[in-house]
Structures are given as C-alpha cells and as structure tokens.
Number of protein chains: 2
Amino acid sequence: MNQPLPADLFHDPDCSDRAQPIRVGGKWTAVVLRCLEDGRPRRFSELRVPLHWITPKVLTETLRTMERDGFLTRTAYDENPPRVEYALTALGRSLIDPLDAACAWARAHVPEITEARTAYAQGG
Amino acid sequence: MNQPLPADLFHDPDCSDRAQPIRVGGKWTAVVLRCLEDGRPRRFSELRVPLHWITPKVLTETLRTMERDGFLTRTAYDENPPRVEYALTALGRSLIDPLDAACAWARAHVPEITEARTAYAQGG
DNA sequence: TAGCCCAGTACCGTTGAAGTAACCAGGTGC
DNA sequence: GCACCTGGTTACTTCAACGGTACTGGGCTA
C-alpha cells in the first residue's frame with residue numbers, strides 16, 4: 001500500500017448511503033468515480049483504502065460492471081508483482097456532473113428527510 | 001377508473017430501468033414523481049395506470065416510503081367508497097430538478113453504454 | 001342477498017446485491 | 001523451503017427489494 005489515499009476525502013457521506021434517494025450505479029460506483037475524478041489512474045489496492053477496505057470481491061464486481069458499461073478502463077501491466085490500473089473514460093467523467101447535482105441536492109435536503117422520518121415515526 | 005391517465009406519458013423509459021446508472025429512490029419512485037409533478041393530487045388507483053398496473057402491495061410500499069421521507073402527503077377522506085389522495089410536497093418537487101438532470105444524462109449517454117456493453121461482451 | 005367499489009393488508013416466493021472467509025498463481029526475498 | 005506481494009476467484013450466506021395471489025371492510029347498488 002504505497003501512499004495510501006486520505007480515506008474520507010473521497011468518501012462523501014452524502015452520496016454513499018443506501019438510504020439516499022438518488023443513487024448513481026451500485027452502492028460503490030459513486031465513490032469509485034470520486035476516487036478517479038482527478039484523472040490519475042489508480043491501482044486495485046489503492047482503491048480499497050478510500051472505499052473503507054471493501055472486500056476484493058465487491059470491488060472487483062464494481063470495477064467489472066463499470067468497465068463493462070464503459071465508465072472506466074482497466075490496464076494490466078505484465079510486471080511482478082502484478083500491476084493493474086483503473087482510469088475513467090470520457091463517459092465516466094460525464095457522470096460527474098449529475099453526481100455533483102445529486103450530492104448538492106442531498107446536502108441541501110437530507111436534514112429535511114431526517115426530520116420527516118422522525119415526525120413520521122412519532123406521529124404514526 | 002375515472003379518466004385514466006395516458007400511461008406512457010409519465011413513464012419515461014430512460015428513468016425506470018434498473019440497469020440505468022442513476023436512480024432516484026426505488027424502482028417506482030421516479031415514475032410516481034412524474035405522475036404528480038403537475039401538482040394535481042391523484043388517487044391510489046389513478047396512480048396504478050401509468051405505473052403499468054403495479055400491484056397494490058408494491059405501490060403501497062412505494063407511497064409509504066415517499067410519505068415517510070416527506071416527498072408526498074397522503075390525505076384520506078371519510079367517504080364511501082373510500083378516497084385517498086396523494087400529492088407532492090415542496091421537498092418532493094425539489095427532486096424534479098435532479099431527476100430531470102438524470103433523465104437528460106440518460107438520454108444523452110445510454111446509447112454509449114449499450115455500445116460499450118456489446119463491445120465488452122464480444123471482446124471478452 | 002349478492003356483488004361491486006376503493007384502498008389497501010397478509011402471506012409467500014423469487015431475485016439480485018452485498019458481504020464473509022478461504023483460497024490461488026507466479027515471482028521475490030530470507 | 002517458506003512466507004509475502006498483488007490482484008484477484010470461489011463458495012457460501014444474508015438481506016432488502018420486488019412481485020403474485022388472495023383476502024378484508026363498510027357502504028352502496030341491482
């Protein structure tokens with residue numbers, strides 16, 4: 001794990017919770033987008049850090065799905081130990097805008113939702 | 001069923017498929033938002049039409065969740081036969097903007113995703 | 001008195017996403 | 001000969017979302 005990323009810098013709590021009404025892809029897709037949005041390719045184990053030590057199986061699934069949909073590229077280098085790098089494509093970068101919109105909405109309105117849930121739970 | 005709504009007017013195929021990368025709420029939340037965005041309250045069975053005859057159980061679940069989160073109000077009238085009306089709150093209306101953004105993104109980029117999936121399936 | 005109307009509820013099953021734990025290969029260093 | 005590195009895979013389990021069928025209640029109409 002050379003130079004681990006500062007974990008919570010990329011891990012916007014407004015975008016990752018299943019309870020949020022707007023979701024981009026699977027549970028981890030938005031976080032992967034945030035990790036890669038600066039354009040620098042990152043390695044498998046580098047991605048695990050900001051993703052809170054997500055298990056390799058789940059990360060593999062997430063990355064394969066995003067690769068299949070054309071959101072990122074996977075480049076394997078024939079070295080030892082093996083090195084694989086993931087980077088966003090143009091299509092992947094195009095998701096950043098609606099993701100920002102969703103995050104902005106969440107930041108502005110999640111307190112209202114919390115309030116509404118509390119009132120609902122009390123009022124029956 | 002007095003004056004059934006024109007079904008597919010509200011049922012934007014770009015926003016309803018589980019395969020779409022941006023999702024607002026559950027599978028049916030976006031469609032309910034579309035049904036109610038003109039501001040006119042609608043009845044339970046009126047909502048079932050544009051939702052492709054969704055079963056009452058699933059519609060109840062969707063509406064209860066949206067009510068709990070403060071996206072819509074439920075008003076029951078003490079009449080016979082019973083009448084219940086659903087209408088968006090201000091918070092619910094505030095979701096329309098990011099929903100439009102998500103739909104716009106989908107309309108612009110879904111063909112690319114389809115293409116990427118085909119290429120991925122063929123290229124291995 | 002039989003059935004219809006509306007707005008659900010009860011019960012049950014299926015599906016898919018997510019998570020855990022264990023294991024693997026090929027090469028390096030001790 | 002053994003552990004360690006990276007980048008995974010495999011098998012198994014758990015959980016929530018989604019869906020179908022059947023049924024309810026209270027007043028109304030035929």
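All chains are named by letter (A, B, ...) in the order of the sequence lines, taking the proteins before the strands, and each is independently numbered beginning at 1.
One can place CG of A:Leu63 at 17 Å from P of D:dT6, the figure rounded to the nearest angstrom. Put simply, CZ on A:Arg48 is 10 Å from C1' on D:dG7, counting in whole angstrom units. Summarising the geometry, the separation between CZ on A:Phe44 and C1' on D:dT6 is reported as 9 Å, rounded to the nearest angstrom. D:dG8 atom C1' lies 18 Å from atom OH of A:Tyr77, rounded to whole Å. Remark: P of D:dG8 and CD of A:Glu46 are 13 Å apart, rounded to the nearest angstrom. Distance CG (B:Leu59) to P (D:dG19): 11 Å, rounded to an integer number of Å. Residue A:Trp28 contributes atom CH2, which lies 22 Å from atom P of C:dG16 at whole-angstrom precision. Put simply, CD on B:Glu61 is 12 Å from C1' on C:dA10, counting in whole angstrom units.
Listed by chain and residue number, B:Arg34 satisfy the salt bridge (Lys or Arg N to Asp or Glu O under 4.0 Å) test with B:Asp100 (two or more places apart in sequence, or in another chain). Every side chain to side chain contact (heavy atoms under 4.5 Å, CB included) that A:Ala90 has, sequence neighbours left out, goes to A:Arg93. Under the rule for a side chain to side chain contact (heavy atoms under 4.5 Å, CB included), the partners of B:Val58 that lie at least two apart in sequence or sit in another chain are B:Trp28, B:Ile54, B:Thr55, B:Thr62. Among residues two or more places apart in sequence or in another chain, the side chain to side chain contact (heavy atoms under 4.5 Å, CB included) test is passed with B:Pro56 by B:Phe44, B:Arg48. For the salt bridge (Lys or Arg N to Asp or Glu O under 4.0 Å) test, residues two or more places apart in sequence or in another chain that qualify with A:Glu85 are A:Arg83. Annotation: side chain to side chain contact (heavy atoms under 4.5 Å, CB included) contacts of B:Ala87 (sequence neighbours excluded): B:Pro41, B:Thr73.
Comparing B:Gly25 and A:Glu85 by the nucleotide of DNA chain D whose heavy atom lies nearest to each, the residue mapping closer to the 5' end is A:Glu85.
Comparing D:dT9, D:dC18, C:dA7 by their nearest atom to the side chain of A:Arg64 picks out D:dT9. If you check C:dA7, C:dG19, C:dG8 against the side chain of B:Arg83, the one that comes closest is C:dA7.
In this structure, A:Arg43 does not reach the D:dC5 phosphate: none of its side-chain N or O atoms is under 4.0 Å from OP1 or OP2. Residue A:Ser45 places none of its side-chain N or O atoms closer than 4.0 Å to OP1 or OP2 of D:dT6.
Residues B:Leu36 and B:Arg42 form a side-chain contact, since some pair of their non-hydrogen atoms from C-beta on lies under 4.5 Å apart. You'll find the side chain of A:Ile22 stays beyond 4.5 Å of the side chain of B:Arg23, heavy atoms only.
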Just by protein heavy atoms under 4.0 Å, how would nucleotides 20-30 of chain D read 5' to 3' in B, S and -?
-> BB----BB---

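Under the ring-ring contact (aromatic ring centres under 6.0 Å, His included) criterion, the residue pairs touching residues 78-109 of chain A are A:Trp105-A:His109, with sequence neighbours excluded.
Within the helix from C:dT1-D:dA30 to C:dC30-D:dG1, the inter-axis angle between the opening and closing five-pair segments is 30°, rounded to 10°.
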